[in-house]
There are 2 protein chains.
Amino acid sequence: MTGDRNHEANGAKARRSTIRDVAAQAGVSVATVSRVLAGSHPVSEQLRAKVLRVVREVDYVTNAHAKSLAGAGQLSIAMLIGDITGASFAHAAKGVEQEAASRGSLTLVGSTDLDPAREAAMVNLMREQGAGAVILIGGASDLAEHQQRMARYAKSLNAAGSHLVLCGRPPLPPEVPAITVDYDNEGGAFAMTSHLLSAGHRRILILPGVEGYTTASIRLAGYTRALEAYGMSVEPDLVVHTTYEYGEGARAVRQALERGVEFTAVFAGSDVVAAGALEALRSAGLRVPEDVSLAGYDDIPLARDLTPKLTTVHVPYEEIGRSAARLALEREPGVRGEHKHVVLGTHVVVRQSVAPPPR
Amino acid sequence: MTGDRNHEANGAKARRSTIRDVAAQAGVSVATVSRVLAGSHPVSEQLRAKVLRVVREVDYVTNAHAKSLAGAGQLSIAMLIGDITGASFAHAAKGVEQEAASRGSLTLVGSTDLDPAREAAMVNLMREQGAGAVILIGGASDLAEHQQRMARYAKSLNAAGSHLVLCGRPPLPPEVPAITVDYDNEGGAFAMTSHLLSAGHRRILILPGVEGYTTASIRLAGYTRALEAYGMSVEPDLVVHTTYEYGEGARAVRQALERGVEFTAVFAGSDVVAAGALEALRSAGLRVPEDVSLAGYDDIPLARDLTPKLTTVHVPYEEIGRSAARLALEREPGVRGEHKHVVLGTHVVVRQSVAPPPR
DNA sequence: TATGTTTTCGAAAACGGTTACACACAAGAA
DNA sequence: TTCTTGTGTGTAACCGTTTTCGAAAACATA
């Protein structure tokens, strides 16, 4: 007895009290309790007060499962993220969570770790939960395969009275019933490339992303368009594909340097890739921006923390998340969703990492 | 008709198919379907195959709400985060999500925005969802008030057959039935202060956190202990309280500089506070680490990206999250939880931001 | 007082699963 | 043959809500 530091009631089975318990203790029917709680039908002030008192006494909370089974459930939203640890994804996630919370509903999350199999399994789990919509954030892949997979999800989700919304993923053919909200990726790449060109740079090393992925090719398109506006064309040596990881940025510029390709600016595919590139530039004895200029993409907090502060293109991730959630929640459940595509603007935010080229 | 780009079946009400539909179409009873799906009882191979075929044909998924109502629900876990956007929280969140996913269950999330009212509302929402456990991550506050609030949550959660687990929050009195998993905060502060002292620093500006909060006072305790081991005592001018935001780090050192307090090293309360401090130091014309050394806390990816790379104390956030989830999931639901406290180790990782003091 | 209206409330049927129980039918033991 | 035993299968009760429907009560009207 002396060594027992545990709680007095420790080990006792705890049963959650139900609406029937409340009804019994208040001397009314379950229907009445339900009505005062939902405010769906008028109840005399007398009973109302008694019910509320009992509810507070036994610390009753309604069982959400039973409620949605009975058809009055909050339509909830589920989101699937490649990696919460990525700042841009986290901001988008925050946006959807905020919007959902402001409407009183919780959010289900899962992460795929960029694995299509896990993604499919998670979508299934979410379907079981009866999510009103599932939002996929980030984590693209090969275009054709991606479109097939998404079409499958959309069809299956629609059949269950729910819908699919995609954030920052490749666009879908108009016949697949899904909502996509994306940012102006081509425009961002175009704007930044133009910024670099107007600063005087002519040889810009671009790290557009993963080869064969849509994000990369779209950025390349923007880069190309900007170059052509200056009467130039893209030089193959100046584009090297990378993933979005730190180490890849470093590897890419190291490799370019070793090959002897000349450039006065590097346009990284993300801010963290830019951080990696910065590291590689530094250890090669190059100063930024005096010797070579550096630009990023995303505008996550890191951009401000780098030395020099990173010039980058701003992507409104949080707003993307909010839009996605809003769109998802506004769709009437049980109605098949039509195709919809909304794109949010980007712009370059200039800080200290780009300067005119040397000489 | 020409302008209609919508899906053919658009607008049709979609009804999710039930176990009864499957049973009818396969010519068996609902019990049989349930049994093949759950594998709970033997079913002849013939029926089994037929059922599975129909399941695939109609793309049936079981209704999770109905399942948990019937008592066979996956016990799920819910987590409440102050701000997903913070890297350390995000890593912890990733840990819990991973652990949960590896056991086949989704995670519910909500964010409190550090608002106690929203926190309480969210805990209630989670209780309604029947979460097997609620994990609170980050977001401390005044100690006494915090303890009261947590005791209330723990009691209410226990009464409903669930439990409370806290990550990186102030410790609780042993009589409150909750699990807390934390890192060795005092030890981390002690180790880093010792590291700084052994490098030769004697006047170390410390930014321990928010005044009156436990995290701050514990770190101060570690700092003090290290100082005393060198026969020194803490000088009030050298401790300035801040929140964990970037701007606060900058403000704090700027203020110290203006007041003319002398120091050769600053020990920031988090890596992002360190980033802010770095900025302020730089704009005051001080070089890091030549003129003043800088140390952080957390060891998030940012630490590696700063210039110079930040020496900091490593906190195993992801592991904390995993432990929390494991502990939560292993507790038998419906049994009142006892009090438990697990603490994970920290260590200093030395990089480039500390050097011997000048002269 | 008798009658029509309006309120307020309770009984019971869903919702979509799981599972205890009963039962049919086969094979092996007596 | 008859009695067990075991294996598969179906019937129906139950989980905790919401909601329809109808009854009772209260009030207004004639």
Side-chain angles (χ1 to χ4, degrees), chain A residues 13-51 54-55 58-76 125 127-130 160-162 333-334, chain B residues 13-51 54-55 58-75 125 127-131 160-162 333-334:
Chain A
K13 277 286 180 188
R15 198 186 62 90
R16 179 169 172 176
S17 51
T18 74
I19 201 174
R20 250 171 274 269
D21 300 332
V22 175
Q25 191 156 344
V28 299
S29 76
V30 295
T32 302
V33 177
S34 175
R35 292 198 258 253
V36 345
L37 257 21
S40 52
H41 275 292
V43 172
S44 74
E45 191 47 45
Q46 199 182 14
L47 291 193
R48 192 184 143 71
K50 202 188 310 185
V51 166
V54 174
V55 162
V58 303
D59 197 14
Y60 167 82
V61 288
T62 133
N63 180 325
H65 295 304
K67 184 185 277 194
S68 20
L69 229 207
Q74 256 289 8
L75 83 162
S76 61
L125 262 185
R127 211 146 57 97
E128 289 182 5
Q129 301 282 340
S162 156
Chain B
K13 278 287 180 187
R15 198 186 63 89
R16 179 169 171 175
S17 52
T18 75
I19 199 175
R20 256 168 267 269
D21 299 332
V22 175
Q25 191 156 345
V28 301
S29 75
V30 294
T32 301
V33 177
S34 175
R35 291 198 259 253
V36 344
L37 257 21
S40 52
H41 273 293
V43 172
S44 74
E45 190 48 45
Q46 198 182 16
L47 291 193
R48 193 184 142 68
K50 202 188 310 184
V51 166
V54 174
V55 162
V58 304
D59 197 13
Y60 168 82
V61 289
T62 133
N63 180 326
H65 296 304
K67 183 184 275 192
S68 34
L69 231 207
Q74 256 290 7
L75 84 161
L125 262 185
R127 208 148 57 97
E128 290 181 5
Q129 299 283 341
S162 157

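In the text below, chain A, chain B and the rest are named by the order of the sequence lines, each starting its count at 1.
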K.L.:
Measure CG/Asn63(B) against C1'/dT17(D) and give the value in whole Å, please.
P.N.:
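Taking atom C1' of dT17(D) as the reference, CG of Asn63(B) is at 13 Å.
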K.L.:
Between Thr32(A) and Lys50(A), is there a side-chain heavy-atom distance shorter than 4.5 Å?
P.N.:
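Result no, sub-4.5 Å side-chain heavy-atom pair not found.
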K.L.:
Confirm from the modelled atom types if Arg35(B) and dG8(D) form a donor-acceptor pair under 3.5 Å, side chain to base only.
P.N.:
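No, no donor-acceptor pair under 3.5 Å.
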K.L.:
Which of the following nucleotides, dT17(D), dG17(C), dG10(D), is nearest to the side chain of Ala70(B)?
P.N.:
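Out of dT17(D), dG17(C), dG10(D), the nucleotide with an atom closest to Ala70(B)'s side chain is dG17(C).
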K.L.:
Given that Gly71(A) and Lys67(B) both sit by DNA chain C, which one's nearest nucleotide is further toward the 5' end?
P.N.:
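Per heavy-atom nearest nucleotide, the more 5' residue is Gly71(A).
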K.L.:
Distance check needed: dC15(D) P versus His65(A) NE2, whole Å only.
P.N.:
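His65(A) atom NE2 is separated from dC15(D) atom P by 16 Å.
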K.L.:
Does OP1 or OP2 of dG10(D) have a side-chain N or O of Ser29(B) closer than 4.0 Å?
P.N.:
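So the side chain of Ser29(B) is within the cut-off, an N or O lying under 4.0 Å from OP1 or OP2 of dG10(D).
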K.L.:
Base, sugar-phosphate, or nothing: which does Thr32(A) touch, judged by heavy atoms less than 4.0 Å apart?
P.N.:
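Sugar-phosphate contact only.
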K.L.:
For Ala31(A), which contact category applies under a 4.0 Å heavy-atom criterion: base, sugar-phosphate, or nothing?
P.N.:
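The residue Ala31(A) makes base contact.
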K.L.:
Check whether any side-chain heavy atom of Val58(A) lies under 4.5 Å from a side-chain heavy atom of Val22(A), and answer yes or no.
P.N.:
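Of all side-chain heavy-atom pairs linking Val22(A) with Val58(A), at least one is under 4.5 Å.
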K.L.:
5'-most contact on DNA chain D: Ala72(A) or Val30(B), nearest heavy atom basis?
P.N.:
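Nearest-nucleotide comparison on DNA chain D picks Val30(B).
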K.L.:
If you find the nucleotide of DNA chain D closest to Leu47(B) and the one closest to Tyr60(A), which residue's nucleotide is nearer the 5' end?
P.N.:
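It is Leu47(B) whose nearest nucleotide is closer to the 5' end.
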K.L.:
If you take atom types as modelled and just measure distance, does the side chain of Arg48(B) reach the base of dG8(D) with a donor-acceptor pair under 3.5 Å?
P.N.:
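Such a pair does not exist between side chain and base.
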K.L.:
If a pair satisfies salt bridge (charged side-chain N to carboxylate O under 4.0 Å, His left out) and one of its residues is in residues 24-33 of chain A, list it, with sequence neighbours excluded.
P.N.:
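Qualifying pairs: none.
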K.L.:
Side chains of Asn63(A) and Thr18(A): does their closest heavy-atom pair fall under 4.5 Å?
P.N.:
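Side chain of Asn63(A) against side chain of Thr18(A), heavy atoms only: no contact under 4.5 Å found.
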K.L.:
Counting any heavy atom closer than 4.0 Å, what does Ser44(A) reach on the DNA or RNA strands: base, sugar-phosphate only, or nothing?
P.N.:
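Sugar-phosphate contact only - Ser44(A) comes under 4.0 Å of backbone atoms but never of a base.
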